[in-house]
Amino acid sequence: MSPRPHFLVLTFPFQGHIAPALRLARQLLAAAPDALVTFSTTEVAHRRMFPAKPNDGAKDSDEDGRLEFLPFSDGTEAGYVRSADLGSFNAYMASFHAAGARSAAEIVDALAARGRPVSRVVYTLLLPWAADVARDRGIPSALYWIQPVSVFAIYHHYFHSHAGVVADHLHDPSFVVEMPGLAPQPVGDLPSFLTDSTDPSNMFHSVFTTIRDLIETLDKESPRSTVLVNTCRELEVGALAAVGAHHDVLPVGPVLPSGGDAGIFKQDDDAKYMEWLDAKPANSVVYVSFGSLTTVAREHLEELLRGLEESGRPYLCVIRKDNKAALADAETKVDEELKNGIVVEWCDQVRVLSHAAVGCFVTHCGWNSVLESLAAGVPMVCVPRMSDQRTNAQLVVREWRVGVRAQVDDGGVLRAAEVRRCIDEAMGNLEAAAEVRRMAAEWKQVVTKAMGKGGSSDRNLMTFVDGARNAV
Ligand code: UDP
């Protein structure tokens with residue numbers, strides 16, 4: 001009998017990376033009933049995922065032992081801790097890269113010594129060294145790109161040919177850049193790491209250099225790199241063709257939870273907000289969340305909540321515990337004057353979005369949020385901030401026409417009147433709103449089909465799993 005395929009899934013310790021990585025891990029197990037998966041993120045994130053478990057070499061398992069959780073070290077005690085020190089993130093990344101590569105290599109070797117050899121390393125986007133660890137041991141690897149393939153294509157073009165034109169127009173955000181396979185992109189909507197972080201003094205410069213290293217690493221693979229992408233073919237045909245000429249790109253998404261996903265945030269009591277939703281009419285509720293990293297300052301929050309109140313619609317708004325703590329006047333309760341809405345610190349977003357009462361999602365356009373909204377057929381109000389979010393908003397508004405883009409004022413504040421206008425454009429009675437809702441329903445069908453048995457993403461995942469099995 002041939003050995004069982006064994007995937008080692010390595011991921012950066014942010015929620016927006018852990019969630020799609022864990023979802024993919026479970027899909028791999030479902031696609032290959034004999035497969036094993038070892039899921040590995042940093043020790044700090046691991047402890048947050050499994051708070052009750054011991055942390056010294058902690059090992060947890062699931063799915064009858066086919067899924068094992070084995071953390072790697074990032075060389076720190078506390079992981080990345082937000083700080084006013086502009087160099088703190090870059091310092092963390094230096095430690096993450098050096099210690100992470102060492103520790104992940106030890107895990108691969110220990111698994112082999114245990115008679116559980118790894119047959120494929122799958123890694124998310126900020127750890128290019130995972131490919132080196134695998135290559136050094138003769139193990140094939142695959143990048144799991146957890147942003148749109150359009151963003152992957154932008155980075156690919158930038159680091160091969162377009163850095164000059166972008167650099168020349170950094171002070172002209174409306175200048176339009178043409179890249180093969182992509183709709184023309186204003187410089188101001190390119191991923192922020194290409195416009196804001198190229199200078200070593202920028203606090204996220206290490207993300208820029210890591211992505212540069214990643215693109216170089218992929219070019220080194222012979223004969224071609226495998227790139228799994230959390231998207232589906234139907235969503236991004238042109239971008240796929242552009243990068244498909246260089247790498248074996250397999251869209252396998254949207255990869256959604258199949259139950260029991262551990263995360264690094266503690267959820268509010270779901271009975272409370274689900275009951276609240278149950279009592280609301282279909283398509284009446286505005287759901288608001290800016291993901292796991294963005295922090296909303298007090299002035300922004302007050303404008304947002306005022307706009308939501310003035311919209312006259314019920315709303316469910318996520319304000320994370322760490323965001324509340326970061327508000328200047330943390331003593332004032334953010335939710336004490338709300339009439340039409342409720343505030344939670346963390347909810348089961350996929351469940352909320354699929355509730356019939358939810359009619360629109362005010363989102364920062366993190367890619368997981370966009371995919372979850374698309375899969376639920378919920379129109380979006382886009383409030384992008386950084387990273388890939390501006391490009392994602394372009395896709396939502398221009399390519400798929402399932403949302404509206406909110407404009408911020410010169411100080412970057414989303415004003416109450418704009419919140420109201422956008423919600424109306426997505427939920428109101430005008431023809432434009434009806435069109436957004438119709439497109440959202442259409443894309444929901446397309447995405448559901450791609451993910452279903454025999455759909456384009458399902459077939460791509462099987463191709464990947466079969467490749468891993470044949471190579472064992
Ligand atoms: N999320 C959640 N509950 C919340 C807010 C967010 O489960 O109250 C999840 C959401 O479903 C998504 C992730 O957190 O899977 C956020 O990822 P995304 O890529 O949208 O943004 P990021 O946090 O990376 O900025």
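Quick caveat, the model's predicted, so the values are computed rather than measured. Just follow the structure's listing: the first ligand is 1, and inside any ligand the first atom is 1.
Aromatic pair Tyr144/Phe464: ring centres not closer than 6.0 Å. Phe208 has its ring centre no less than 6.0 Å from the ring centre of Phe193.
Of the polar atoms of Ser289, none of the N or O atoms is found under 3.5 Å from an N or O of ligand 1, judged by distance alone. At least one N or O atom of His364, backbone or side chain, sits closer than 3.5 Å to an N or O atom of ligand 1. Here's the thing with Asp348: none of its N/O atoms is less than 3.5 angstrom from an N/O atom of ligand 1. Polar contact with ligand 1: present for Ser369 (N/O pair, distance under 3.5 Å). Some N or O of Cys347 is nearer than 3.5 Å to an N or O of ligand 1, by distance alone. At least one N or O atom of Asn368, backbone or side chain, sits closer than 3.5 Å to an N or O atom of ligand 1.
Close contacts between ligand 1 and Gly16 involve ligand atoms 17 (O), 24 (O) [criterion: under 4.0 Å to a heavy atom]. Heavy-atom proximity to Gly291, at under 4.0 Å, picks out these atoms of ligand 1: 23 (O). Of all atoms in ligand 1, listed by their number and element, those nearer than 4.0 Å to a heavy atom of Trp367 are 19 (O).
Of the inter-residue distances, the one linking Thr210 atom OG1 with Ile215 atom CD1 reads 11.5 Å to the nearest 0.5 angstrom.
Using cut-offs of 30° and 60° on the angle between ring planes, the pair Tyr80 and Tyr92 is tilted. Between His156 and His246, the ring planes lie tilted relative to each other; the angle falls in the 30° to 60° range. Using cut-offs of 30° and 60° for the angle between ring planes, the Phe50 and His46 rings count as tilted.
When atom types are taken as modelled, the side chain of Trp145 and the backbone of Pro148 share a donor-acceptor pair closer than 3.5 angstrom.
Here the protein heavy atom with the shortest distance to atom 23 (O) of ligand 1 is Ser292 OG, 2.4 Å. At the top of the distance list for atom 2 (C) of ligand 1, counting protein heavy atoms only, stands Trp346 CZ2, 3.1 Å.
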Please lay out, stage by stage, how Gln185 and Thr391 fare under the test side-chain hydrogen bond (donor to acceptor under 3.5 Å, both in side chains). CA-CA 8 Å; Gln185 306 280 324; Thr391 318; 4.7 Å; no

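Counting heavy atoms under 4.0 Å from ligand 1, residue Glu372 touches it through the side chain alone.
Ligand 1 lies nowhere less than 4.0 angstrom from a heavy atom belonging to Phe14.
Using a 4.0 Å cut-off between a side-chain N of Lys or Arg and a carboxylate O of Asp or Glu, Arg306 and Glu302 do not qualify as a salt bridge.
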